[in-house]
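Scroll down for the structure; my scribbles are underneath it.
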Amino acid sequence: MIALVDVNNFYVSCERVFNRSLEKTPVVVLSNNDGCIISRSNQAKLLGIKMGMPLFKAQSIMRQHKVMIYSSNYPLYADMSNRVMQLLGKLAEDQEVYSIDECFLKLKRTNYLQHGRLIRFKILKDIGLPVCVGMAETKTLAKLANYVAKKNPEFDGVVCFSEIDLAAQNRLIKKIPVSELWGIGVRLAKRLNEIGIDSVYQLKTANPKWMKQLFGINMERMIYELNGIQCYPIESLKSDQKQIICSRSFGQTIDNFTDMADAIATFLQRAVAKLRKQELLTKEMILFIRNNPFTAKQPIQYSIRLKHAIHTDHHEQLMRLAIAGLTQIYQHNTAYHKAGIILLDLKRAQHVNQDYAAQTMRANLSNTLDAIRSKYRHNIITSGWQSKDGKWQMKQLNKSQRFTTSWQELLEAC
């Protein structure tokens, strides 16, 4: 049996853990630079606030109903996610972390419904986050069971399809639009609608071979999964990443090389830290800078592909490469809105021939710097190109404290 555990309104729920006065209040969390709404409490949803709605379009509703607004607090959310995933790993035979707030579990042979309720209780009691649990024979059905658990309060957040007879299951999924199914995007849903498939039940009962000819093998597998035939097992071991990306839109536009170099140096530092955490090396990077295509008369983007002589995770070597690349593509008299670094050609360190002594020395230095930044703050030690408070920093006017990752921002008990 496979379970899909999903934290309800994850970003909002994280904020509520440390501010219980928000429990019955409409709350939203905003995207980078406080642009759009990316998480909503159930109370906010009932007010008609849509996912992805720009903040300025929702201002009148916010003021009228006294909606609480929070900027994204990614250090807090990442730490809360790690806590949830670690606890879930102890409650199952196997685990596949699917996203920051979702996880597939392989359950032991037991009373599944009771075990699902235990999972929900433990996450709420030990961490303070509400979850829904969907259980079934396949990943697709588990995801669907989770959707049913969210939308039907009578199940109290836990649905196990094996505990529901087939006729009752079919009645439930006849009401679910095919667009809500895992793996069905807007375009694919439209194509399915055009051939008369509007509900999940209609897709479940479609001919898999015929649908394969129309839509490909993934559609065939989806239909098999809807009928309880497993095509996608739990993947507990993640394959190595093909690339590492670190990019941001700026809080205010940048129009000089010094500030842009500050941003690029900071992005590179974060990307290389991720590289080392995964024990990978890189030999190639793409650097890009661009203006705001929505406000500029003409969209402009400059990019460059850079290659290092050897595979490395050495911050200083890659920094020199990045700044040299930026010097080549930077154009003056342009107001830049976004920049980023993409690390490519990634390989495991043990698969690359290296100078052992030199690599060990660099690794010890890099690991020491990473540990200091992790313990205190990411900008406590920086390169000469970086500043403590660059103009490019994201706009976060309503950011909560980093309650679990910063000694200076711990919750105070009065």
Side-chain angles (χ1 to χ4, degrees), residues 1-8 10 81 84-113 115-120 123 131-152 155 157-166 168-170 172-186 188-189 192 197 199-206 208-209 211-212 215-239 241:
M1 188 68 68
I2 292 175
L4 188 278
V5 183
D6 181 14
V7 182
N8 301 339
F10 178 59
S81 174
V84 171
M85 300 310 167
Q86 287 177 19
L87 180 52
L88 288 175
K90 298 174 183 177
L91 299 172
E93 279 189 343
D94 208 349
Q95 176 185 33
E96 177 186 339
V97 178
Y98 181 64
S99 69
I100 193 171
D101 62 344
E102 290 180 281
C103 179
F104 286 108
L105 301 175
K106 182 180 178 182
L107 300 181
K108 301 175 183 178
R109 294 183 179 276
T110 181
N111 183 325
Y112 296 119
L113 198 58
H115 194 62
R117 289 170 180 155
L118 172 66
I119 289 171
R120 192 165 189 263
I123 298 296
V131 303
C132 282
V133 183
M135 293 169 285
E137 295 84 359
T138 70
K139 281 184 176 179
T140 303
L141 282 175
K143 189 85 169 168
L144 199 58
N146 187 281
Y147 177 89
V148 172
K150 282 182 182 293
K151 298 296 182 180
N152 299 272
F155 290 108
V158 181
V159 168
C160 181
F161 272 165
S162 67
E163 303 283 339
I164 303 174
D165 65 77
L166 187 59
Q169 280 186 45
N170 289 337
L172 285 168
I173 67 176
K174 282 178 181 178
K175 302 175 184 177
I176 303 175
V178 72
S179 58
E180 296 292 344
L181 197 58
W182 182 44
I184 302 291
V186 176
L188 185 52
L192 289 168
I197 297 178
S199 71
V200 172
Y201 177 77
Q202 289 173 313
L203 182 60
K204 177 184 177 180
T205 54
K209 297 299 181 184
M211 294 296 284
K212 177 185 177 182
F215 298 98
I217 192 170
N218 287 331
M219 182 62 72
E220 179 188 27
R221 290 172 178 168
M222 186 177 296
I223 295 171
Y224 285 140
E225 287 244 327
L226 286 172
N227 286 278
I229 301 170
Q230 190 178 109
C231 299
Y232 302 107
I234 295 286
E235 297 178 5
S236 54
L237 294 176
K238 279 189 174 181
S239 57
Q241 284 186 246

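- Contact annotation: the side chain of Ile2 never approaches that of Tyr232 to less than 4.5 Å [non-hydrogen atoms, C-beta and beyond].
- For the side-chain contact (heavy atoms from CB on, under 4.5 Å) with Val131, the qualifying choice from Val158, Val5, Leu88, Asp101 is Val5, the only one to do so.
- Two residues are said to be in side-chain contact when any heavy atoms from C-beta on lie closer than 4.5 Å; Asn170 and Lys204 meet this criterion.
- Side-chain contact between Met135 and Ser162 is absent, with no heavy atoms from C-beta onward closer than 4.5 Å.
- At a threshold of 4.5 Å between non-hydrogen side-chain atoms, the residues Asn8 and Cys132 count as touching.
- When every heavy atom of Leu141 is checked against every heavy atom of Ala136, the shortest pair comes out as CB-CB, 3.3 Å.
- Looking at Asn146 and Val159, their side chains never come closer than 4.5 Å, going by heavy atoms from C-beta outward.
- Proximity of Lys209 to Glu220: side-chain heavy atoms (C-beta onward) are separated by under 4.5 Å at one or more points.
- In this structure, Lys106 and Gln95 have side chains that are not in contact, with every pair of non-hydrogen atoms separated by 4.5 Å or more.
- What you find for Ile197 and Val178 is that their closest heavy atoms are O-CG1, 3.8 Å.
- Inspection of the Trp182 and Tyr98 side chains reveals an N or O donor paired with an N or O acceptor under 3.5 Å.
- Between the side chain of Glu180 and the backbone N or O of Pro177 there is no donor-acceptor pair closer than 3.5 Å.
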